[in-house]
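All remarks here apply to the structure that follows.
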Amino acid sequence: MTAAAEEEGGGRPGPREQVAAAVGLLDRPLTSYYLVLGCSMMLLALGLTMVLSASSVKQLQATGSAYTLFQKQAVWVVIGLPGMWLGSRLPVRTFRALAYPLLLLSIVCLALVLVPGLGRSAGGATRWVDLGPVQIQPSELAKLALVLWGADLLARKDRLGQLTEWRPLLVPLMPGAGILVLLVMLGSDLGTTLVLLTIFLALLWVVGAPGRLFVGIAGLVCLLVSILIVVEPYRMQRLTGFLDPSGNQLTTNYQGTQGLFAVASGGLFGTGLGEGRAKWDYLPHAETDFIFAIVGEEFGLVGTLVVLGLFGMLAYAGLRIARRVKDPFTRLAAAGATAWLVVQAIVNIGAVIGVLPITGIPLPLVSYGGSALIPSLFALGMLLAFAKREPGARQALSARGPGPVVRALSWLGLARR
């Protein structure tokens with residue numbers, strides 16, 4: 001560019017330079033850290049907003065207050081955010097130490113779900129343990145437990161050089177994952193079963209399982225899922241309804257049809273926050289499984305693309321962490337946690353827009369429910385801790401100086417000198 005051209009353009013960089021500068025931001029040491037943190041906070045804020053909007057009408061009719069579920073969700077957020085912060089501060093050895101206790105706790109809690117009087121059923125699945133005023137869903141904890149336990153187990157085997165043969169690779173990983181899957185299957189929870197199997201396959205993929213073994217295990221997973229669909233009549237009805245969406249729109253396909261109507265009625269920019277009609281007793285489970293439909297109705301295509309973009313950036317950040325860290329456990333745990341959250345989001349959104357069968361799993365960070373929210377936030381805190389271990393990340397954090405909390409305390413004269 002000539003001097004005259006630079007003077008005419010005001011010295012501003014051209015489109016090519018702007019694109020290069022934007023791409024250069026992705027190469028910074030703390031890119032993964034800020035992407036995980038930013039996407040998590042935006043999805044969490046959106047979730048609180050949409051839980052209030054989606055549940056307000058039903059709760060006003062049932063309890064006399066439109067804020068009942070919103071207040072409960074806010075309490076879960078207040079509990080989960082310190083867990084996320086704690087996870088971001090923990091060393092890797094602590095995550096590894098938590099693996100076996102969490103696995104044992106998950107197995108015990110999943111077994112309690114099957115005990116008559118303790119387990120609570122809804123929508124054809126027994127997922128919750130009834131503890132009086134609080135119901136917990138142990139299968140959400142099982143996802144985190146499988147990520148940590150599987151990553152720790154494979155990292156130990158990698159250090160001992162035992163990953164070259166299929167038997168040491170699968171034992172005891174496959175039996176351990178099989179116990180969790182079996183207990184979840186006995187509760188008729190197909191959606192969580194799919195997520196657990198996804199974590200299992202992601203760990204095998206990252207550890208470099210032989211192609212024939214991976215294809216064989218994937219085929220076994222498909223066979224297992226097919227059996228689960230066939231043995232339960234309501235799942236078979238969902239599958240046939242998915243294959244024939246024009247039939248039974250008032251019975252089997254009612255929820256899916258209403259979800260599509262809600263998304264389609266949003267247009268480009270939506271009807272406006274709180275102005276959606278689907279939540280007026282038209283769309284079942286609007287605040288949980290089908291909250292994405294309310295996002296589409298009230299924020300339109302733009303809102304749905306923002307949600308997809310946030311999960312896409314979260315997936316990029318998680319895989320970037322897994323690629324850049326050196327420790328085998330960190331790499332495996334980051335990949336497993338990313339696969340869990342992103343695949344669950346894909347399955348949920350796919351069911352809402354009609355490209356996947358309905359499985360009844362929530363949209364991470366957005367749907368109502370503390371049992372799903374708290375483990376997800378802890379897993380994201382773990383990703384933040386791993387992002388600090390990327391090359392150059394610690395130096396960049398040190399050069400950044402004190403954070404906003406420390407600066408605020410210093411203004412009040414409360415910061416440690």
Side-chain angles (χ1 to χ4, degrees), residues 43-80 119-137 140 191 234 237-238 241 248-267 270-300 303-304 307 348-349 351-354 358-374:
L43 286 170
L44 197 60
L46 175 67
L48 279 172
T49 304
M50 298 315 300
V51 165
L52 174 59
S53 179
S55 66
S56 58
V57 174
K58 185 177 179 181
Q59 292 305 308
L60 186 62
Q61 295 171 344
T63 67
S65 172
Y67 301 96
T68 304
L69 288 190
F70 170 76
Q71 290 171 346
K72 292 181 179 180
Q73 187 74 353
V75 170
W76 293 123
V77 170
V78 170
I79 296 173
R120 190 169 71 88
S121 301
T126 305
R127 306 177 183 178
W128 293 271
V129 175
D130 195 346
L131 300 177
V134 178
Q135 289 83 36
I136 63 172
Q137 191 172 350
E140 297 296 334
Y234 81 93
Q237 291 175 356
R238 284 182 177 180
N248 298 321
Q249 294 186 2
L250 297 179
T251 54
T252 305
N253 290 345
Y254 178 78
Q255 187 180 29
T257 301
Q258 292 298 322
L260 285 175
F261 284 164
V263 174
S265 63
T271 60
L273 180 61
E275 300 296 326
R277 295 180 292 272
K279 60 194 176 189
W280 289 80
D281 288 336
Y282 291 105
L283 178 62
H285 306 294
E287 72 279 0
T288 54
D289 305 344
F290 270 68
I291 198 166
F292 186 77
I294 305 300
V295 174
E297 182 182 27
E298 298 189 354
F299 290 106
T304 60
V307 174
N348 176 277
I349 294 172
V352 172
I353 63 177
I358 298 173
T359 57
I361 58 175
L363 184 61
L365 303 180
V366 181
S367 294
Y368 170 78
S371 295
L373 181 65
I374 292 177

(message) Using the rule given for side chain to side chain contact (heavy atoms under 4.5 Å, CB included), can you reason through Phe70 versus Leu48, listing the C-alpha separation, both sets of side-chain angles and the distance that settles it, and then say yes or no?
(response) CA-CA 7 Å; Phe70 170 76; Leu48 279 172; 4.1 Å; yes

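- Under the 3.5 Å distance criterion, the side-chain polar atoms of Glu297 are left unmatched by any main-chain donor or acceptor of Thr271.
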(message) Show, in sequence, the C-alpha distance, side-chain angles and deciding distance for Asp281 and Val57, and conclude whether the side chain to side chain contact (heavy atoms under 4.5 Å, CB included) test is met.
(response) CA-CA 8 Å; Asp281 288 336; Val57 174; 5.6 Å; no

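- For Gln135, the side-chain contact (heavy atoms from CB on, under 4.5 Å) partners two or more places apart in sequence, or in a different chain, are Arg120, Trp128, Asp130.
- Annotation: the span from Trp280 atom CH2 to Gln61 atom CD amounts to 7.5 Å, rounded to 0.5 Å.
- Note on residues 46-57: pairs passing side chain to side chain donor-acceptor pair (under 3.5 Å), not counting sequence neighbours, are Ser53-Lys279, Ser53-Glu298.
- In this view, Lys58 satisfies the side-chain contact (heavy atoms from CB on, under 4.5 Å) rule with no residue, not counting sequence neighbours.
- For Thr63, the side-chain hydrogen bond (donor to acceptor under 3.5 Å, both in side chains) partners at least two apart in sequence or on another chain are Thr68.
- Partners of Ala286 by side-chain contact (heavy atoms from CB on, under 4.5 Å), not counting sequence neighbours, listed by chain and number: Ala54, Leu283, Ile294.
- Proximity of a side-chain donor or acceptor of Gln59 to a complementary backbone N or O of Leu69 within less than 3.5 Å is not detected.
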(request) Kindly determine whether Asp289 and Ile361 satisfy side chain to side chain contact (heavy atoms under 4.5 Å, CB included), including the steps that lead there. (result) CA-CA 6 Å; Asp289 305 344; Ile361 58 175; over 6 Å; no

(request) Starting from the C-alpha separation in whole Å, work towards a yes-or-no answer on side chain to side chain contact (heavy atoms under 4.5 Å, CB included) for Gln73 and Leu373. (result) CA-CA 9 Å; Gln73 187 74 353; Leu373 181 65; 4.0 Å; yes

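- For Tyr254 (side chain) and Tyr282 (main-chain N/O), a donor-acceptor pair under 3.5 Å exists by modelled atom type.
- With values rounded to the nearest 0.5 angstrom, Thr304 atom OG1 is found 4.5 Å from Phe292 atom CZ.
- Here the CG atom belonging to Leu52 is positioned 8.0 Å from the CG atom belonging to Leu273, to the nearest 0.5 angstrom.
- Here the rule is side-chain contact (heavy atoms from CB on, under 4.5 Å) with Leu363, and of Val352, Ile291, Leu46 only Ile291 fits it.
- Nearest heavy-atom pair, Ala262 versus Ala293, reported as atom, atom and distance to 0.1 Å: CB-O, 3.9 Å.
- Residues satisfying the side-chain contact (heavy atoms from CB on, under 4.5 Å) criterion with Ile136, sequence neighbours excluded, are Val129, Leu131, Val134, Ser371.
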